[in-house]
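Report on one structure; see the data block that follows.
The model shown is predicted, which means the values in this text are computed figures rather than measured ones. As the structure lists them, so they are numbered: ligands from 1, and atoms in each ligand from 1.
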Amino acid sequence: MKKGKKLYEGKAKIIYASSDKNLVIQYFKDDATAFNNQKKSTIEGKGVLNNRISEYILSNLSQIGIKNHLVKRLNMREQLIKLVEIIPIEFVVRNVATGSLTKRLGIEDGTILKEPLIEYCLKDDDLGDPLIAEDHIYAFDWASKKEIEKVKKMILRINDFMIGMFRGVGIKLIDFKLEFGRIKINGKNEVILADEISPDTCRLWDSVTEKKLDKDRFRKDLGDLIPAYTEVAKRLGILHEQSNVTAVNVTKLSSIKKKNK
Ligand code: UDP
């Protein structure tokens, strides 16, 4: 697939045209940003890990019937995806209260929510992606009621699937962000899952130790972001245990050896 001109550059990804007008190439950068772009850095290897993890999650979601934009991964940093018209809303799904929710409403960090909570933020960097009510979406025609009903059903299935998938590898899915896009399939307008699902867009805590295995390592200056993302990839079976032996694994291995002595 030939890479065409750059169509759009975001904070963590670049979109290029492809030789098929209905498909584009999504390139995963190593750039990390937080707090509405106030904190910036480049973390070598992050894009490669997010490309692999997102490919894994989206292809698993496809298998349970969640339509999404992924066609195939092309290489270490690129995916071929369907061109969609992105709905300008970030859908935040929460299972456990943390981050902005705790600050905004004074809820204790780590509170388990009775049911998944869906929040809507307007995708607008200049405004700092403000939280909006569902009615704002209809008042300003950002999406139709029918589209949001469909999206909500998809979100609950995605959440159920991802909770189980991560639980199976000893990770708690705390919260995450999703984006959806409009596309015509066989002449019919559809809404499909788009963007990425990775440790950049999810909060993932180790089930036992509650160690953060996600972008909070960057937001909170905890360090060791690459070992944490690598750990997620390894537990999901995307990377082999032996590959990229990182500081974390070396520490783990030595503690196992000590225990066995
Ligand atoms: N999130 C994201 N992109 C954003 C905002 C949030 O991927 O622009 C994700 C974030 O990684 C977390 C969830 O959405 O998994 C909830 O984020 P929250 O609003 O708590 O973010 P904070 O303001 O604490 O960064």
Within 45° cone and under 6.0 Å: K145 NZ/CZ vs Y138 ring: yes

Has K46 got its NZ or CZ under 6.0 Å from the middle of the six-membered ring of F28, at an angle within 45 degrees of the ring axis? no

Inspect the contact between [Y] and [X] and indicate whether a charged nitrogen and a carboxylate oxygen are less than 4.0 angstrom apart.
X    : Y    : answer
K184 : E190 : no
K13  : D195 : yes
D206 : R235 : yes

May I ask you to identify the nearest protein heavy atom to [atom], giving residue, atom name and distance to one decimal place in Å?
atom                    : result
atom 25 (O) of ligand 1 : R219 NE, 3.4 Å
atom 17 (O) of ligand 1 : R203 NH1, 3.5 Å
atom 8 (O) of ligand 1  : E90 OE1, 3.1 Å
atom 13 (C) of ligand 1 : D175 OD1, 3.5 Å
atom 19 (O) of ligand 1 : S100 OG, 2.5 Å
atom 9 (C) of ligand 1  : K177 CB, 3.6 Å

Would you say V93 touches ligand 1, if touching means a heavy atom closer than 4.0 Å? no

Does the residue R94 have a heavy-atom contact with ligand 1, meaning some pair of atoms that are separated by less than 4.0 Å? yes

Mode of C121 contact toward ligand 1 - side chain, backbone, both, neither (heavy atoms, under 4.0 Å): neither

Honestly, for D129 the part within reach of ligand 1 (heavy atoms, under 4.0 Å) is side chain

Could you label the plane-to-plane angle of the F140 and W142 rings as parallel, tilted or perpendicular, counting under 30° as parallel and over 60° as perpendicular? tilted

Show which atoms of ligand 1 fall inside a sub-4.0 Å distance from at least one heavy-atom site of [X].
X    : value
V92  : 16 (C)
D200 : 7 (O), 11 (O)
G99  : 20 (O), 24 (O)
F176 : 14 (O), 15 (O)

For E78 and N51, test the side chains for any donor-to-acceptor distance below 3.5 angstrom and give the result as yes or no. no

If you apply the rule side-chain hydrogen bond (donor to acceptor under 3.5 Å, both in side chains), what do you find for E90 with Y120, and how did you get there? CA-CA 6 Å; E90 295 196 340; Y120 308 95; over 6 Å; no

Tell me which one of L117, I174, L113, L173 satisfies side-chain contact (heavy atoms from CB on, under 4.5 Å) with N95. L173

